[in-house]
Amino acid sequence: MAMLLGKKVGMTQVYAESGDLLPVTVIQAGPCVVMQVKTTETDGYNAVQLGFDDVKPSRRKKPQIGTAQKAHTTPKRLVREMRLPDDAEPEYKPGDSITVGVFVKNQFVDVVGTSKGKGFAGVMKRHGFGGFPASHGTERKHRAPGSISSFASNAGHGGGPKRGKKMPGHMGNCRVTTKNHELVAIDEDKNLLIVKGSVPGPAGGYCIVQTAKRA
Amino acid sequence: MKTEMLDAVESKSLKDNVPHFEIGDIVDVHCRIKEGDKVRTQIFTGTVIARRGRGINETFTVRRIVGNEGVERIFPIHSPNVLDIVAVRSGKTRRAKLYFLRKRTGKAVRLAQRHSDHTVSK
């Protein structure tokens, strides 16, 4: 299990040796600082807290500044925990720096990010509903959700539509994980991870890159 | 800063020395073709009628007449499957996109590129 915090730089294309043109996302990942190491004895679980991207101490509250001082570093804008199994021996100590070297080329990674906000979206965009025909007598209902319930018990009778019924609403701007991206290349000098495919969030958005749960 | 990093990633896929050719030139494009396990080189000869894009997206269009039918192929300049581009004959043109050649047939196609007063650099 390896994890890094990073920033999405943007997308581009790269040629594979076979001649295939791969769509890739460039992520500036790390170097992350170990802010705190949590153990079963002290905190009830094992974890390593990582920090990324410096921030002015005046922008952070005193407890955060204190944690940073213990790790002999400055406060960070993004702090996330890497959970470890209960029987794991902590390999890191506060103040350690973690770089893209924890990953190897061609391995698979999962990327967590905050998706772009889409605002209040209809059911076709939000849930992929089919909508209604453009013609053949359809009027003012081209993108409507259709019937939302009936008297049948399984369709949610009585108190109203079934819970969790897919309806229009706010879309995007939430945590999204995209799984099994191939690591096409690693640039150790510039701390870049080049990952195949697209990654949630805007360019400049924060993301978490971790070893794929199931590759 | 953002473009710098993207360019750095992209530049590794770019070719160092792209052969020189101009719009209107007749070129031999050496393509790598995979057939099962075998790899062979195929040469596509024709007139360069357009070149577009920047960086890794740069492509050029080659047009030729095969059996009285116009055939156009678009090649990415930096693709590893494009092994070589050899300008065989130069063609004099006054514009960057030679789409007007599509409407021409027979000898009219050849006329547009006949004034070869500059030597083809290889």
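What you see is a predicted model; the values in this text were computed from it and never measured. Per chain, numbering begins at 1; letters A, B, ... match sequence-line order.
Heavy-atom contacts from other residues, nucleotides or ligands closer than 6.0 Å to NZ of A/K93 number 12 or fewer. For B/N68, the CG atom sits in a loose shell: 12 or fewer heavy atoms of surrounding residues, nucleotides or ligands are nearer than 6.0 Å. Dense packing is recorded around CZ of B/R40, with more than 12 heavy atoms of other residues, nucleotides or ligands lying under 6.0 Å away. For A/K165, the NZ atom is densely surrounded, since the number of other residues' heavy atoms within 6.0 Å is greater than 12. Residue A/K141 places its NZ atom among 12 or fewer non-hydrogen atoms of other residues, nucleotides or ligands, all under 6.0 Å distant. The neighbour count for B/R52 CZ, taken as heavy atoms of other residues, nucleotides or ligands under 6.0 Å away, does not exceed 12.
Here the shortest heavy-atom pairing between B/P80 and A/A16 reads CG-O, 3.7 Å.
Distance check: A/K7 NZ to B/M5 CE gives 8.0 Å after rounding to the nearest 0.5 Å.
With a 4.5 Å cut-off on side-chain heavy atoms, A/Y15 and B/I56 count as touching.
Within residues 32-56 of chain A, no residue has any heavy atom under 4.5 Å from a heavy atom of chain B. For residues 187-197 of chain A, the interface with chain B (any heavy-atom pair closer than 4.5 Å) comprises A/D187, A/K190, A/L192, A/I194, sorted by residue number.
Put simply, the residue from B/T3, B/L6, B/N57 that forms a side chain to side chain contact (heavy atoms under 4.5 Å, CB included) with A/T12 is B/L6.
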